[in-house]
Amino acid sequence: MSEKKVGELLVEQELISQEQLSEALDLQKIFPAQTVGQLLCKLGFIRESDLSAFLDQKNKRRKLGDILIANGLIDKQKISHALDLSKRINISLEKAILKLNFIEEESLSKAVASQYDMPYIQINPQDLHLELSSYISKAYANKQRIVPISKNGNTLTLAMVHPLKLYDMRELEDSIRLKIISTIATETSIARSLERLYNIGIVTTSASAEEVSFGMGPDSIVDLLSKTEDADEPEVAEEIKKVTEKDSVIVKLVNKIIYDACMNKASDIHIEPYPGKNDVIVRTRVDGQCSIYQRIPYKYKYAIPSRIKIMSELDIAERRKPQDGKIEFKKFGPLDIELRVATMPTVGGLEDVVIRVLASGDPLKFNDLGLTERNLRIFKESLARPYGLILVAGPTGSGKTTTLHSGLAQINQINRKIWTAEDPVEITQPGLRQVQINPRIGFTFAAALRSFLRLDPDVIMVGEMRDEETASTAIEASLTGHLVFSTLHTNSAPDTVTRLLEMGLDPYSFSDSLVCILAQRLARRLCKDCKELFQPSEAEFEELASEYGSTEFAKTGLKIEDVVMYRAVGCDNCGHTGYRGRLGIHEMLECTDELRMLIKRRADTEHIREQSYRDGMTTLKQDGILKVLQGFTDIHEVRRVCIK
């Protein structure tokens, strides 16, 4: 059913008649730039205040982004970037657009005026009479960012950055006993007018000098690179001198690289300078895959790493050994994100830099982890245990911390005290007491864990079991009435058991404490907008069944005629890769009584794996194939991340 238009809804609400709507529609043919609502007001069929209240109530007001796009002031990509920024740092879309310097402030204010069917005016603060300040209090004018600009009889004209709500407007009219006419003006002109009438210092959210230095304006990488003069092979000292003097192009260039990477949801940025007159290669990792973002002229090969080292407070003069640090990007750009930086000396006296974009934010919803019915059931039952050891295994970047935090969110209640030791703290939750470890001062995972045991915890999360000391302390904690979560870098769930035994753990204590092990990988998800449905051939079906395991696949009851699959195609929304986003592939090992007996006997990985199969475990590849058959990904992605 098509959505009803504003005119039809006004007739339904009996605010206008069908004849009045028809008259307005006829008039719109002559004035196509005018909305039906504007024409109904001009014809006197409805009051502006009533129309405004109706549009807000029915959420029928035109979106600011649509107005800007329709007027050719901005494109969809920039609107998307501005929306993302507004959500990240909790500001309005208008402020985000100005912060990014996408369009002029006056053009934006005119668009806001058009959105709310209000006149736009330009204010000359020097023309304002000082007695106007007596009609609106200083505190209210400053809070609402409004300014009285004229009074005619019983009518007061107000200029504002954004329209007041109808309730606030009527309350203000009752308070000052005057009729109010509302107009829209730029934030800058409002600020200057407030300074003149009320002596309020200028505070503006427009593109101030500080924000311009962020380098987040409309300049593209190509524009920025073209602003410097061509030069021969740069000297190290000369380039470092430029950076320390805050060369504006280099500052903007680095900020632009980081900003674009964040907007493209990249997890890592790789800066790779090469000897001689070869370009500096900048690569970004999106959805686990590296691709070239930009080639930058060789003359920046010293300046870019030096600028990043300054931002992360590293020693700019030390270029012979690796360094690592962090960047609070909100000090330099419009995004409130944390970056982890690592440098590495390479041949030719150069330095590579890798920047990890830390995925800060809220935990993923438990039901969005993508666990199968069996795995979800075991995980939930494990979380309900009063004590024990729950492990998540997989390589770096496989989403282990995300999974653990989703589990913690399920049991994060007021009656539970939960401590976490992480490096770094990426995901935050209210109610959790989270600790950042610092190995440089001896505050390791093991040290944090020992301290937690003196803090009356119910649940403990240790970011990683890196050594026998941490693992032993975690097992001790789980046996003394605590539920302990942790991660390991192992290839599969059965391998995790063997790895911990090889660390030197007591098999009896370990078997008694272990509840479950969840191994996982992240595969790229097929783009929903362009994935293509196809019927697999008999050879493809047999190959799929063989990889799953012919005997186990037969138990699923699937026949070739029941199976449909999808393949990657590529479109603008996924950057022509055919993939967008990622999904988890899991295998869940449940510590049954039979498995405990094997652990106590220090059984090898193969025997543990066989018992896990008997207990109902599906392997990583089998879980991936099930998700292929569900249309979430394709077999190529499963083969890429799963060995067997």
Side-chain angles (χ1 to χ4, degrees), residues 287-289 369-376 378-379 392-395 397-400 403 489-498 516-528 531-570 577-590 604-644:
D287 293 337
Q289 293 288 292
L369 289 175
L371 295 167
T372 60
E373 185 179 350
R374 172 191 175 270
N375 294 347
L376 190 65
I378 293 173
F379 202 10
V392 179
S398 59
K400 299 185 296 296
T403 299
H489 290 125
T490 50
N491 291 326
S492 68
D495 286 341
T496 305
V497 176
T498 311
C516 68
I517 302 173
L518 178 68
Q520 68 180 59
R521 298 288 188 279
L522 289 179
R524 290 186 296 173
R525 189 186 292 269
L526 287 169
C527 176
K528 295 178 182 178
K531 64 180 181 180
E532 183 178 81
L533 180 72
F534 73 97
Q535 186 79 32
S537 65
E538 188 170 343
E540 289 173 321
F541 181 78
E542 290 298 328
E543 186 179 13
L544 202 67
S546 176
E547 288 191 65
Y548 190 92
S550 300
T551 306
E552 289 81 2
F553 193 79
K555 293 177 183 177
T556 65
L558 290 172
K559 305 294 182 185
I560 188 169
E561 57 270 15
D562 303 323
V563 174
V564 291
M565 295 165 62
Y566 292 83
R567 61 167 63 96
V569 178
T577 63
Y579 303 94
R580 186 170 53 169
R582 290 192 284 181
L583 79 159
I585 295 173
H586 311 91
E587 67 179 19
M588 174 70 81
L589 180 150
E590 183 181 14
D604 59 25
T605 304
E606 195 56 40
H607 285 96
I608 291 171
R609 182 178 289 112
E610 289 172 1
Q611 181 59 49
S612 301
Y613 294 159
R614 287 194 290 271
D615 292 334
M617 184 185 83
T618 52
T619 67
L620 285 165
K621 179 164 274 193
Q622 287 173 341
D623 191 65
I625 290 172
L626 291 176
K627 284 172 172 129
V628 169
L629 298 176
Q630 291 174 293
F632 296 135
T633 186
D634 59 20
I635 191 61
H636 306 296
E637 274 298 294
V638 174
R639 288 170 182 155
R640 183 178 65 84
V641 300
C642 301
I643 299 172
K644 57 183 178 180

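Scope of the values below: all heavy atoms of this structure, side chains included, with no hydrogens, waters or symmetry mates. Note that the structure is predicted; figures quoted are calculated from it, not measured.
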query = If we only count heavy atoms from C-beta on, is the Gln611 to Met617 side-chain gap below 4.5 Å?
reply =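 The answer is no, as the side chains (C-beta and beyond) never meet within the 4.5 Å cut-off.
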ask   = If you look at every heavy atom in Pro536 and Val564, which pair is closest and at what distance?
value =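 In terms of heavy atoms, the two residues are closest at CD-CA, 4.3 Å.
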Hey, does the side chain of [X] reach the backbone of [Y] with a donor-acceptor pair shorter than 3.5 angstrom?
X	Y	answer
Gln520	Gly399	yes
Glu637	Gly624	no
Arg374	Gly616	yes
Lys627	Thr633	no
Lys531	Tyr579	no
Asp604	His607	yes

Test applied, side-chain contact (heavy atoms from CB on, under 4.5 Å); reference residue, Glu587; option that passes from Leu620, Asn375, Ile517 =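 By the side-chain contact (heavy atoms from CB on, under 4.5 Å) criterion, Glu587 pairs with just one of Leu620, Asn375, Ile517: Leu620.
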Counterpart residues, salt bridge (charged side-chain N to carboxylate O under 4.0 Å, His left out), relative to Arg525 (two or more places apart) =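 Result, salt bridge (charged side-chain N to carboxylate O under 4.0 Å, His left out) vs Arg525: none returned.
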ask   = Taking only residues two or more places apart in sequence, or in another chain, which ones meet Glu540 in a salt bridge (charged side-chain N to carboxylate O under 4.0 Å, His left out)?
value =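 Checked Glu540 against salt bridge (charged side-chain N to carboxylate O under 4.0 Å, His left out); zero matches.
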ask   = Would you call Glu606-Arg609 a salt bridge at under 4.0 Å N-O?
value =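 Salt bridge: yes.
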request  = Identify, with sequence neighbours excluded, every residue that meets ring-ring contact (aromatic ring centres under 6.0 Å, His included) alongside Tyr566.
outcome  =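 ring-ring contact (aromatic ring centres under 6.0 Å, His included) list for Tyr566, sorted by chain: empty.
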ask   = Within a reach of under 6.0 Å around CD of Glu373, are more than 12 heavy atoms found that belong to other residues, nucleotides or ligands?
value =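 No, not enclosed.
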